[in-house]
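Below is one structure; the comments refer to it alone.
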Amino acid sequence: MKSDKIDKIISILFLVLSAGVIIWWFMIAFSNAETEQNVFTLFTLDNIVKWGQANMDIVIISYIFFCLQAAGISELKQQQDYLLVAIISLIFTPLGLLFIKNDENEK
């Protein structure tokens, strides 16, 4: 039981640190914005697409990380094969995991 509490504390600590880094990143982005450019024009679709094209490696790494995390969650909650679910997640996006059913649970 003690390790469960330690795991929860570590998970909460990582969550708080991650949220803090994201908030800090947004604060820097807003403070570096030009005076005539407000917050609403800073995150337009055009700017997001240009950023994605300039940082394609970050986009691909983030997509793969997100897919593998979704496959891990699906494995733990639905007792599915991780390798199969990870491949399906990478090819058909993580939304494809919603359409996979485990026959062993029904039996």
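Owing to the predicted nature of the structure, the values given are computational and were not obtained by experimental measurement.
Distance check, rounded to the nearest 0.5 Å: CG of Leu45 to NZ of Lys50 gives 11.0 Å. Rounded to the nearest 0.5 Å, atoms NZ (Lys77) and CD1 (Ile73) are 6.5 Å apart.
Among the candidates Leu17, Ile10, Val16, the single residue satisfying the side chain to side chain contact (heavy atoms under 4.5 Å, CB included) test with Leu13 is Leu17.
Note: the hydrophobic cluster containing Leu84 also contains Ile91 (ILVMFWY, side chain heavy atoms under 4.5 Å, direct or indirect links). Linking ILVMFWY residues whenever their side-chain heavy atoms come closer than 4.5 Å, directly or via other members, places Val85 and Leu83 in the same cluster. Under the 4.5 Å side-chain heavy-atom criterion for Ile, Leu, Val, Met, Phe, Trp and Tyr, Ile64 and Ile58 are members of the same hydrophobic cluster.
Using a distance-only test at 3.5 Å, with no hydrogens or angles considered, a donor-acceptor pair links the side chain of Tyr63 to the main chain of Leu90. The closest donor-acceptor contact from the side chain of Ser18 to the backbone of Phe14 lies under 3.5 Å. In this structure, Ser89 contributes its side chain and Cys67 its backbone to a donor-acceptor pair below 3.5 Å. Side-chain atoms of Ser74 do not come within 3.5 Å of backbone N or O of Ala70 as any donor-acceptor pair.
Across all their heavy atoms, Gln80 and Glu75 have their closest contact at O-CG, 3.2 Å. Among all heavy-atom pairs drawn from Trp51 and Val59, the shortest one is CZ3-CG2, 4.0 Å.
Taking 4.5 Å as the limit, every side-chain heavy atom of Ile60 sits out of range of all side-chain heavy atoms of Phe65.
Sparse packing is recorded around CZ of Phe66, with 12 or fewer heavy atoms of other residues, nucleotides or ligands lying under 6.0 Å away.
Residues passing the salt bridge (charged side-chain N to carboxylate O under 4.0 Å, His left out) test with Asp57: none are found, sequence neighbours excluded.
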